[in-house]
Amino acid sequence: MSEHAIEFLQGWIGEKVHCQPVPAEIEKQAETLARECAAKAAEAGIPLEDIQEEVGDIQELIASRLEEAAEAEEREANSNRP
């Protein structure tokens, strides 16, 4: 994958992928974000195939990042309890 595609994906995920308040919504949100990412990549001249070649299914990647964010938030909430 080109450096441009990698930079795009990293920046886009950092900007758009945040903890979801309801973990059950992660898959739905990942699907929506994957479509948005693909559209923005196309606007930037980056073929979706270039991204998928490097990371595989972007919806799965985004869902994984959403789950990680939810787990990190839960750990932080638990560590702040008296």
Kindly list each side-chain donor-acceptor pair under 3.5 angstrom involving residues 55-67, sequence neighbours excluded, with atom names and distances?
residue	atom	partner	partner atom	Å
Asp57	OD1	Gln59	N	2.7
Asp57	OD1	Glu60	N	3.2

Could you list the donor-acceptor pairs under 3.5 angstrom formed between side-chain atoms of residues 33-41 and any protein atom two or more places apart in sequence or on another chain?
residue	atom	partner	partner atom	Å
Arg35	NH1	Glu31	OE2	3.1
Glu36	OE2	Lys16	NZ	3.1

Over all atoms of both residues, closest heavy-atom pair of Gly45 and Pro47:
O-CD, 3.5 Å
Using 0.5 Å steps for rounding, measure from the CG atom of Leu9 to the CG atom of Asp50.
11.5 Å
